[in-house]
Amino acid sequence: MGRRYDNSLRQARAARTRRRILDAAIDRLGRPGGRLTMSDVAAAAHVALPTLYKYFRTRDALLAAVKHRVDETKVRPPVVASFEELRDEVPALHAFFRARSGIVRAITYYPDLAALRAAAERSRDEQLQTSLATHTAHLTADEERAFRA
């Protein structure tokens, strides 16, 4: 039986190129008023335009991959239940957002990611409501209204 061709290095290089393209797209999306053109992304990723189109045939395919990448990395910091916990979590929160600054900017500024931004806001609101409900369960209705105000 003949030797099998090992293309693991080629696959690893392709994965790095794809990641570099996605990072460049996220960076472009994260600029206020920035546009996302395929040629801008290719230049920012230091790849030729045909290479970009090899990985993403359309701008919509690139945006879908960006959305998927954002979904993969949206591990949220914990919802804190008290001011003391918040004070203790500030360094971790800072590190969380600093590590994901490009994605945070892209979600904030790019209109095509508005649905993702809205979903994140809904999820955050639901987590806060759940946290509030568990910590205000002992209050009377009047006390709870006063607390929420």
Side-chain angles (χ1 to χ4, degrees), residues 2-137 144 147-149:
R3 291 183 8 192
R4 298 188 75 124
Y5 177 71
D6 178 19
N7 67 350
S8 60
L9 292 176
R10 181 177 289 171
Q11 290 173 341
R13 187 174 63 211
R16 284 192 307 270
T17 300
R18 187 176 195 281
R19 227 180 358 261
R20 201 168 68 234
I21 291 168
L22 288 174
D23 289 342
I26 288 169
D27 181 61
R28 305 307 288 175
L29 290 170
R31 296 171 186 230
R35 298 176 333 166
L36 182 71
T37 65
M38 297 299 265
S39 58
D40 286 346
V41 172
H46 304 290
V47 299
L49 193 56
T51 301
L52 176 64
Y53 279 107
K54 174 184 170 189
Y55 288 91
F56 305 101
R57 293 192 179 267
T58 66
R59 184 175 173 275
D60 289 339
L62 177 59
L63 281 174
V66 166
K67 288 179 185 179
H68 181 73
R69 177 83 180 269
V70 169
D71 287 342
E72 286 177 344
T73 60
K74 70 177 182 183
V75 178
R76 291 186 180 91
V79 175
V80 295
S82 69
F83 291 114
E84 292 78 21
E85 287 181 25
L86 177 61
R87 183 188 64 233
D88 295 341
E89 286 294 320
V90 166
L93 289 169
H94 182 266
F96 172 85
F97 287 109
R98 184 177 177 95
R100 293 162 181 82
S101 61
I103 291 172
V104 170
R105 283 192 311 275
I107 292 171
T108 303
Y109 294 119
Y110 200 68
D112 286 358
L113 295 178
L116 185 62
R117 184 171 50 248
E121 288 171 0
R122 278 193 306 278
S123 177
R124 182 200 60 215
D125 290 346
E126 289 169 6
Q127 288 177 346
L128 286 172
Q129 290 299 324
T130 301
S131 179
L132 276 175
T134 58
H135 290 86
T136 60
E144 184 177 349
F147 175 77
R148 289 180 184 256

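No hydrogens, no waters, no symmetry mates; every other heavy atom, side chains included, goes into these values.
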Next item on the list: First locate atom CG of Leu62, then atom OG1 of Thr37, and finally report the distance between them rounded to the nearest 0.5 Å.
Entry: 10.5 Å
Notebook entry, point to check: With sequence neighbours excluded, what pairs up with Ser8 under the side chain to side chain donor-acceptor pair (under 3.5 Å) test?
Noted result: Asp6
Next item on the list: Could you pull out all residues at least two apart from Ala48 that satisfy side-chain contact (heavy atoms from CB on, under 4.5 Å)?
Entry: Pro50, Thr51
Would you be so kind as to tabulate the donor-acceptor pairs closer than 3.5 Å made by side chains of residues 12-24, with sequence neighbours excluded?
| unit_1 | atom_1 | unit_2 | atom_2 | d |
| --- | --- | --- | --- | --- |
| Thr17 | OG1 | Arg13 | O | 3.0 |
| Arg20 | NE | Ala45 | O | 2.7 |
| Asp23 | OD1 | Arg69 | NH1 | 3.1 |
| Asp23 | OD1 | Arg69 | NH2 | 3.0 |

